[in-house]
Amino acid sequence: MAEQVRAIRTRQAILTAAAKIFEEHGYQAATISQILSEAGVTKGALYFHFQSKDDLAQGVLAEQDQRIMVPERASKVQEIVDMVMLHAYRLQTDPMVRAGVRLTMDQLAQGLDRSGPFLRWAEVTTLTLRKAQEQGELLPHVVPVETADVVVGTFAGVQSMSQAICDYRDLAARASALMRHLLPSIAVPSVLASLDLTEARGAAVYAEARKAADELELAAAVG
């Protein structure tokens, strides 16, 4: 059991170090030596968990999806808003998420498959939009798979602009504005009137989701 815990901690330390190096230098310029130095582990320990720099980058890309999830909402349109606002908040506060986004948007990352985060987020958004459609929350013309691509693509542009201008400091405001402009073409008026689109929404959702995750971990440990 102790060895398993140690292995999990070592893997996390390597991923955290890789995230820092990838964010600072980009995929192409980052080296295994830099990651080893930052993580404070041996080359053998690193290669026990990750076979290559590409494998490390994919680990960072996947990590942002596994850390915290948006709680389920009665309104599925609100759930989509919460996805966007939570991601904006995490970009401002979580180095692992920032590193994952840096990798995803890094057009110089030759040979690295950067499609995963886009495809996963589009898939989740499509499924949520379909549920919203079944509940009568969407306007008649909405095609969930198309709208999901628009939501994911426009947020990618907004966060990229925020990063370039002020290192994400205004991202909550930009994400809120994006939702206010986009949702009237998607949701029925009665749903629009009930939505929380405020800039503080991301922090509130994070606190709620973090509490739920901690309670699950505690229950698992006790069980």
Side-chain angles (χ1 to χ4, degrees), residues 1-71 83 85-121 124 156 159-160 162-163 167-169 171 202-203 205-223:
M1 185 66 177
E3 290 183 4
Q4 184 180 11
V5 171
R6 192 179 306 114
I8 292 171
R9 288 176 177 171
T10 299
R11 185 180 188 278
Q12 192 59 45
I14 294 168
L15 277 176
T16 300
K20 183 175 186 294
I21 298 302
F22 286 141
E23 185 184 7
E24 290 178 355
H25 301 282
Y27 177 78
Q28 210 67 29
T31 67
I32 292 293
S33 295
Q34 290 171 321
I35 295 169
L36 286 172
S37 177
E38 181 67 31
V41 301
T42 65
K43 187 177 291 186
L46 186 148
Y47 283 114
F48 176 80
H49 293 281
F50 302 97
Q51 298 178 356
S52 63
K53 187 169 78 168
D54 178 88
D55 197 22
L56 267 170
Q58 292 300 336
V60 172
L61 289 171
E63 187 74 3
Q64 60 182 303
D65 299 329
Q66 299 171 6
R67 287 193 159 194
I68 195 163
M69 302 295 291
V70 170
M83 291 179 199
M85 299 306 295
L86 174 61
H87 196 52
Y89 176 77
R90 293 176 70 206
L91 268 168
Q92 293 178 311
T93 59
D94 191 330
M96 186 69 72
V97 175
R98 287 199 300 273
V101 169
R102 167 72 188 267
L103 287 170
T104 303
M105 304 298 287
D106 188 355
Q107 297 184 25
L108 298 178
Q110 298 177 4
L112 177 67
D113 182 359
R114 299 179 290 116
S115 65
F118 289 118
L119 295 174
R120 287 192 292 270
W121 197 8
V124 170
Q159 66 84 19
S160 183
S162 177
Q163 190 277 330
D167 196 26
Y168 299 123
R169 287 191 298 276
L171 184 54
V205 173
Y206 178 84
E208 180 186 357
R210 183 70 268 171
K211 181 181 178 182
D214 289 343
E215 288 173 352
L216 282 175
E217 288 179 10
L218 180 60
V222 172

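Remember, predicted model here, so these are calculated numbers, not experimental data.
Distance check: R120 CZ to S115 OG gives 8.5 Å after rounding to the nearest 0.5 Å. The line from CG of D94 to OH of Y206 is 6.5 Å long, rounded to the nearest 0.5 Å. Taking CZ of R98 as the reference point, atom CD of E24 lies at 10.5 Å (rounded to 0.5 Å). Here the CZ atom belonging to F22 is positioned 6.5 Å from the NZ atom belonging to K53, to the nearest 0.5 angstrom. Atom CD1 of I14 and atom CZ of R9 lie 14.5 Å apart (nearest 0.5 Å). To the nearest 0.5 Å, atoms CD (Q163) and CD (Q92) are separated by 12.5 Å.
The pair E23-R102 does not meet the salt-bridge criterion, since no charged nitrogen lies less than 4.0 angstrom from a carboxylate oxygen.
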Show every donor-acceptor pair shorter than 3.5 Å between a side-chain atom in residues 42-49 and any protein atom, with sequence neighbours excluded, or say none if there are none.
unit_1 : atom_1 : unit_2 : atom_2 : d
T42    : OG1    : A45    : N      : 3.1

**Q.** side chain to side chain contact (heavy atoms under 4.5 Å, CB included) evaluation trace for M105 with Q159
**A.** CA-CA 10 Å; M105 304 298 287; Q159 66 84 19; 3.6 Å; yes
(Q) Show, in sequence, the C-alpha distance, side-chain angles and deciding distance for V205 and Y89, and conclude whether the side chain to side chain contact (heavy atoms under 4.5 Å, CB included) test is met. (A) CA-CA 9 Å; V205 173; Y89 176 77; over 6 Å; no
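Only one option out of T104, L15, I21 pairs with V60 in a side-chain contact (heavy atoms from CB on, under 4.5 Å); it is L15.
Residues Y168 and V101 meet the side-chain proximity criterion, which asks for heavy atoms closer than 4.5 Å.
Taking each heavy atom of A29 and Q34 in turn, the nearest pair found is O-OE1, 3.8 Å. Shown here for A19 and P95, the closest heavy-atom pair between the two residues is CB-O, 4.4 Å.
Between the side chain of T16 and the main chain of Q12, a donor-acceptor pair closer than 3.5 Å is present.
Taking T10 as the reference, nothing meets the side chain to side chain donor-acceptor pair (under 3.5 Å) condition, with sequence neighbours excluded.
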